[in-house]
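Notes to accompany the following structure.
The structure presented is a predicted model; accordingly, all values stated were derived computationally and were not measured.
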Amino acid sequence: MNQLALPSHSFLCLRHGATDWNRQHRFQGRTDNLLNDDGVAQARAAALRLRNVALGAIVASPLRRAVQTADIVAAALSRPVAIDADIIECDFGSLEGQSIRDTMRRHGLTALEQLVSILPADGEPWAAVSRRALRCVTTWQESHPGVEILFVCHDAVMQAVAQALCGGFFENRYGTPFRFARAGSTWTVEEIN
């Protein structure tokens, strides 16, 4: 198993704005859905929250919901957007498009983080999500030293990173920017107001 690449310093993550499938509580994974009207509004609100952050780079997942969110933020902040496939959403395989609630009920799960224990063999292994996402962050930090970087991605990607760095999941919301903050060897996830 490959060792996790650990970021050298703090970085920002933003979950894309909502889509219709998000509102229907479906596994969306690699299905390339667009933002709905709520999602566009959430991306605009995120841009306002980030207006006082000196971003040196904005990096987005290649899925359209993330690119749309990144483009809205980038336009408001006059920054370019780069695309990196290493922060694409988890491939949920045969769960794609299925109801999250029904799946949890079928498997007797009571918390969203328990879903990682029932991911299908035809999807992406959970450990692979954090490996590739942390590789992305580390690579961008190495190529842009001293720069504040925003990664516009997906819930599973952010949860995998939080689990790897902070030891657990956190309450993530659409269009809400978070800082993964490093203090020595300790990491925390903090909402940006």
Side-chain angles (χ1 to χ4, degrees), residues 7-24 26 28-90 129-130 132-166 169-182 187-193:
S8 60
H9 57 279
S10 301
F11 58 95
L12 305 177
C13 280
L14 172 64
R15 182 181 186 182
H16 61 80
T19 69
D20 288 343
W21 274 25
N22 291 131
R23 292 297 182 226
Q24 296 163 9
R26 296 184 177 281
Q28 192 162 213
R30 303 284 173 89
T31 302
D32 204 7
N33 293 320
L34 293 170
L35 298 179
N36 60 23
D37 290 343
D38 287 342
V40 170
Q42 291 160 347
R44 289 181 180 140
L48 286 174
R49 290 176 89 171
L50 291 164
R51 70 185 177 278
N52 295 322
V53 177
L55 292 177
I58 299 174
V59 182
S61 154
L63 294 175
R64 292 184 300 176
R65 58 194 184 268
V67 173
Q68 278 184 283
T69 302
D71 284 345
I72 290 167
V73 171
L77 304 178
S78 300
R79 308 295 312 154
V81 174
I83 305 298
D84 194 313
D86 271 347
I87 54 172
I88 196 169
E89 181 60 297
C90 178
V129 179
S130 56
R132 64 177 167 76
L134 289 169
R135 178 178 62 228
C136 173
V137 171
T138 301
T139 299
W140 277 91
Q141 286 185 340
E142 288 171 354
S143 65
H144 294 74
V147 167
E148 188 87 78
I149 303 172
L150 171 67
F151 297 91
V152 182
C153 53
H154 310 272
D155 186 41
V157 171
M158 292 171 69
Q159 299 297 358
V161 168
Q163 187 178 43
L165 296 179
C166 308
F169 284 37
F170 70 104
E171 186 181 336
N172 197 357
R173 291 178 303 287
Y174 305 105
T176 301
F178 288 90
R179 179 181 308 281
F180 283 81
R182 182 175 184 172
W187 287 88
T188 57
V189 182
E190 308 160 350
E191 184 174 338
I192 295 174
N193 293 313

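The line from OG1 of Thr69 to CG of Leu35 is 4.0 Å long, rounded to the nearest 0.5 Å. Between the CG atom of Leu14 and the CD1 atom of Ile72 there is a distance of 10.5 Å, given to the nearest 0.5 Å. Remark: Ser143 OG to Ile149 CD1 distance equals 6.5 Å, nearest 0.5 Å. Here Leu55 contributes atom CG and Leu50 contributes atom CG; the two are 6.0 Å apart, rounded to the nearest 0.5 Å.
Scanning both residues, Arg132 and Ala85, for their nearest heavy atoms gives NH1-O, 4.3 Å. Shown here for Glu148 and Ala54, the closest heavy-atom pair between the two residues is CB-O, 3.4 Å. For the pair Asn22 and Gln28, the tightest heavy-atom approach, listed with the atom from each and the gap, is ND2-NE2, 3.1 Å. Residues Val81 and Ala74 share a closest heavy-atom pair of CG2-CB, 3.4 Å. Closest approach of Ile87 and Cys136 over heavy atoms only: CG2-SG, 3.6 Å. Scanning both residues, Glu89 and Val157, for their nearest heavy atoms gives OE1-N, 3.6 Å.
Applying the side chain to side chain donor-acceptor pair (under 3.5 Å) definition to pairs two or more places apart or across chains, those involving residues 72-88 are Asp84-Trp140, Asp86-Arg135.
Considering only residues two or more places apart in sequence or on other chains, Glu190 meets the side chain to side chain donor-acceptor pair (under 3.5 Å) condition with Thr188. Every residue two or more places apart in sequence or in another chain was checked for a salt bridge (Lys or Arg N to Asp or Glu O under 4.0 Å) with Arg26, and none qualifies. Taking the side chain to side chain donor-acceptor pair (under 3.5 Å) definition, one finds that Asp155 meets it with Gln159, Asn172, sequence neighbours left out. Residues satisfying the ring pair (Phe, Tyr, Trp, His ring centres under 6.0 Å) criterion with Trp187, sequence neighbours excluded, are Phe11. Asp20 pairs by the side chain to side chain donor-acceptor pair (under 3.5 Å) definition with Asn36, not counting sequence neighbours. Taking Asn52 as the reference, nothing meets the side chain to side chain donor-acceptor pair (under 3.5 Å) condition, with sequence neighbours excluded. Under the side chain to side chain contact (heavy atoms under 4.5 Å, CB included) criterion, Thr176 pairs with Arg49, Arg173, Phe178, Glu191, not counting sequence neighbours.
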- Query: Yes or no on side chain to side chain contact (heavy atoms under 4.5 Å, CB included) for Leu165 and Leu134, after CA distance, side-chain angles and deciding distance?
  - Reply: CA-CA 9 Å; Leu165 296 179; Leu134 289 169; 4.0 Å; yes
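For the pair Pro177/Leu12, no side-chain contact is recorded, criterion being any heavy-atom separation below 4.5 Å from C-beta on. Under the 4.5 Å side-chain criterion, counting only non-hydrogen atoms from C-beta, Phe180 is not in contact with Pro7.
There is no side-chain donor-acceptor pair under 3.5 Å between Ser130 and Gln163.
Not one N or O on the side chain of Thr19 forms a donor-acceptor pair closer than 3.5 Å with the backbone of Leu34. Using a distance-only test at 3.5 Å, with no hydrogens or angles considered, a donor-acceptor pair links the side chain of Gln141 to the main chain of His9.
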Would you give me the side-chain donor-acceptor pairs under 3.5 Å for residues 60-67, sequence neighbours excluded?
| residue | atom | partner | partner atom | Å |
| --- | --- | --- | --- | --- |
| Ser61 | OG | Leu63 | N | 3.2 |
| Ser61 | OG | His154 | NE2 | 2.8 |
| Arg64 | NE | Asp32 | O | 3.2 |
| Arg64 | NH2 | Asp32 | O | 2.5 |
| Arg65 | NE | His16 | NE2 | 3.3 |
| Arg65 | NH1 | Thr31 | O | 2.6 |
| Arg65 | NH2 | Gly29 | O | 2.6 |

With a 3.5 Å cut-off and sequence neighbours excluded, list the donor-acceptor pairs that the side chains of residues 37-45 form with protein atoms.
| residue | atom | partner | partner atom | Å |
| --- | --- | --- | --- | --- |
| Gln42 | OE1 | Ala18 | N | 2.8 |

